[in-house]
Amino acid sequence: FKSNVLFRNFEVKGPSDRLLVYLTLFTTECLKKIEGAASQEDALKAVTSLALEPFAIPGDSSFPLGPYFPAPESKQESDFIRGYFKQLREELGRRLVERCYAEGTGVPSKW
């Protein structure tokens, strides 16, 4: 449990804090998808498609945390960041679905 979700203001001290904030925002989007899913399998499909759909990275005008992340300096760095974020989004979504359903039953355990 990270208490940063309860703070009105959160002091960003380094890259790991910025990543934590980004993943917190993505977790919120995943939970919205999971909430509407009929089964664990549907929830996994929904968050996987959310993770794989096109998304903004630092340096893009539509990136939600633009001022807090430095823009990539080259196309190679941009591709690396996109791949890294994609991997983070996929893994977080998969683990979140596992946490939201009772083990082995496929029944939601959080709501």
Side-chain angles (χ1 to χ4, degrees):
F1 175 72
K2 297 290 184 180
S3 59
N4 70 311
V5 298
L6 302 175
F7 296 151
R8 179 172 295 224
N9 298 316
F10 178 70
E11 184 180 352
V12 176
K13 295 181 181 177
S16 60
D17 289 338
R18 287 191 287 267
L19 187 60
L20 180 64
V21 172
Y22 176 79
L23 291 176
T24 301
L25 290 175
F26 183 67
T27 299
T28 304
E29 294 300 314
C30 286
L31 288 172
K32 290 176 188 175
K33 296 284 186 182
I34 292 170
E35 184 179 32
S39 68
Q40 184 173 358
E41 185 177 308
D42 290 342
L44 185 57
K45 286 179 186 177
V47 297
T48 300
S49 73
L50 179 63
L52 296 176
E53 70 185 26
F55 57 91
I57 61 168
D60 293 346
S61 61
S62 59
F63 186 68
L65 301 170
Y68 300 104
F69 280 79
E73 296 179 4
S74 66
K75 174 73 171 140
Q76 183 181 13
E77 187 177 0
S78 176
D79 291 341
F80 176 79
I81 291 171
R82 186 169 306 282
Y84 182 66
F85 275 33
K86 180 182 172 205
Q87 184 179 5
L88 286 169
R89 291 162 59 101
E90 287 177 26
E91 189 63 23
L92 182 122
R94 185 185 62 74
R95 291 183 186 200
L96 191 60
V97 169
E98 289 175 2
R99 290 280 184 186
C100 289
Y101 286 84
E103 195 172 317
T105 65
V107 176
S109 64
K110 307 298 181 224
W111 54 83

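All values reported here derive from a predicted model rather than from experimental measurement. Numbers here simply count residues along the sequence, with the first being 1.
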Review point. Taking only residues two or more places apart in sequence or in another chain, which ones pass side chain to side chain contact (heavy atoms under 4.5 Å, CB included) with E35?
Key: W111

Check your understanding: Rounded to the nearest 0.5 Å, what separation is found between the CG atom of L25 and the CG atom of L20?
Key -> 10.0 Å

Practice item. Quick one: do L50 and E53 satisfy side chain to side chain contact (heavy atoms under 4.5 Å, CB included)? Show the steps, please. Key: CA-CA 5 Å; L50 179 63; E53 70 185 26; 3.4 Å; yes

Check your understanding: Do other residues, nucleotides or ligands put more than 12 heavy atoms under 6.0 Å from R94 CZ?
Key -> yes

Check your understanding: Do the non-hydrogen side-chain atoms of P72 and F80 ever get within less than 4.5 Å of each other?
Key -> no

Point to revise | Residue pairs fulfilling ring pair (Phe, Tyr, Trp, His ring centres under 6.0 Å) with at least one residue in residues 27-63, sequence neighbours excluded | key: Y22-F63, F63-F69

**Study point:** For G59 against A71, the heavy-atom pair lying closest together
**Key:** CA-CB, 3.7 Å

Revision key, fill the gap. What one should report as the nearest heavy-atom pair of F85 and P58 is CE2-CD, 4.0 Å

Exercise for review: Indicate the atoms forming the closest heavy-atom contact of D17 with K13, along with that distance.
Suggested key: OD2-N, 2.9 Å

Review point. According to the side-chain hydrogen bond (donor to acceptor under 3.5 Å, both in side chains) rule, which pairs have a member within residues 62-85, sequence neighbours left out?
Key: K75-D79

Exercise for review: List in chain and number order the residues that pass side chain to side chain contact (heavy atoms under 4.5 Å, CB included) with T48, two or more places apart in sequence or in another chain; answer none if no residue qualifies.
Suggested key: L44, L52

Exercise for review: Decide if atom CD of E98 counts as having more than 12 heavy atoms of other residues, nucleotides or ligands within a radius under 6.0 Å.
Suggested key: yes

Study note, to complete from the structure: With sequence neighbours left out, the residues meeting side chain to side chain contact (heavy atoms under 4.5 Å, CB included) with K32 are T28, E29

Review point. Is it the case that more than 12 heavy atoms not belonging to E91 sit under 6.0 Å from its CD atom?
Key: yes

**Study point:** With E90 via side chain to side chain donor-acceptor pair (under 3.5 Å) - residues at least two apart
**Key:** none

Review point. For R18, what residues pass the side chain to side chain donor-acceptor pair (under 3.5 Å) criterion, not counting sequence neighbours?
Key: none

Check your understanding: Sequence neighbours excluded, which residues qualify as side chain to side chain contact (heavy atoms under 4.5 Å, CB included) partners of L96?
Key -> T27, C30, L31, I34, C100

